[in-house]
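We use all heavy atoms of the structure for the numbers below, so side chains are in, but hydrogens, waters and symmetry mates are not.
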Amino acid sequence: MSTSGDGTVQAAGCVLWRRSPVHGELELCLVHRPKYDDWSHPKGKLRPDEEPLAGALREVEEETGHVAAPGAALPTVRYVTDGRPKQVRYWAAEAVSGSFLPSDEVDRILWLAPGPARARLTRPHDRDLVDALLDALRLD
């Protein structure tokens, strides 16, 4: 696990998106973590000396089974978890290939349009990232 000099846990993730294979509309991938019973964007702690973007793409593939093409940097999210500060850097990323297999860490994923995705996300800061993605993709 990577921490900064002040003890902040360093993590990274992506707002993973695709065009629906059915109707071509924008869909976002949300992951369900049974340990927390929450819905979020794929993310995880960085390994020591791992570059944030590389860690974000690794976490996307580990949690969703999808290889992603990175896009624009999105806002960094900071919060406290288990009494420690945590910083998560995010990028927009388009799913280019892969398929999901459930694991102990992530047991389900959903591909949802932006509105339903925003409503399903557990934490408000994750909802803000939906808006940041739409701004980055210049969509409404």
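No path of Ile, Leu, Val, Met, Phe, Trp and Tyr side chains, each step under 4.5 Å between heavy atoms, connects W91 with L129, placing them in separate hydrophobic clusters. Taken together through direct or relayed side-chain contacts under 4.5 Å among Ile, Leu, Val, Met, Phe, Trp and Tyr, L137 and L74 form part of one hydrophobic cluster. Both L26 and V130 are part of a single hydrophobic cluster, where members link through side-chain heavy atoms under 4.5 Å apart. Note: the hydrophobic cluster containing Y90 does not contain V67 (ILVMFWY, side chain heavy atoms under 4.5 Å, direct or indirect links).
Between A95 and W111, the shortest heavy-atom contact is CB-CH2, 3.8 Å. Nearest approach of A68 to V60, heavy atoms of both residues: CB-CG1, 4.1 Å. The two residues A132 and P75 have their closest heavy-atom pair at CB-CD, 3.5 Å. The nearest pair of heavy atoms linking P114 to L28 is CA-CD1, 4.3 Å. Taking each heavy atom of V88 and G13 in turn, the nearest pair found is CG1-N, 4.2 Å. Between A11 and K86, the closest heavy-atom pair is CB-CE, 3.8 Å.
Separating the NE2 atom in H125 from the OG atom in S40 is a distance of 8.0 Å, to the nearest 0.5 Å. For the atom pair CZ of R123 and OH of Y36, the computed distance is 8.5 Å after rounding to the nearest 0.5 Å. Taken from CZ in R118 to CG in D128, the straight-line distance is 9.5 Å, to the nearest 0.5 Å. Between the CZ atom of R127 and the OG1 atom of T122 there is a distance of 7.5 Å, given to the nearest 0.5 Å. Within the model, atoms NZ of K45 and CD of Q10 stand 12.0 Å from one another, a figure rounded to the nearest 0.5 Å. Rounding to the nearest 0.5 angstrom, the gap separating the CG atom in L134 from the CH2 atom in W17 is 11.0 Å.
Open room surrounds CD on E51; 12 or fewer heavy atoms of other groups in view lie less than 6.0 Å from it.
Among R108, K43, R120, R33, the one residue that satisfies the salt bridge (charged side-chain N to carboxylate O under 4.0 Å, His left out) test with D38 is R33. The residue from L133, L121, V31, L16 that alone fulfils the side chain to side chain contact (heavy atoms under 4.5 Å, CB included) condition with H41 is L121.
Using a 4.0 Å cut-off between a side-chain N of Lys or Arg and a carboxylate O of Asp or Glu, R18 and E27 qualify as a salt bridge.
Using the six-membered ring where Trp is involved, H32 and W39 have ring planes that are tilted, between 30° and 60° apart.
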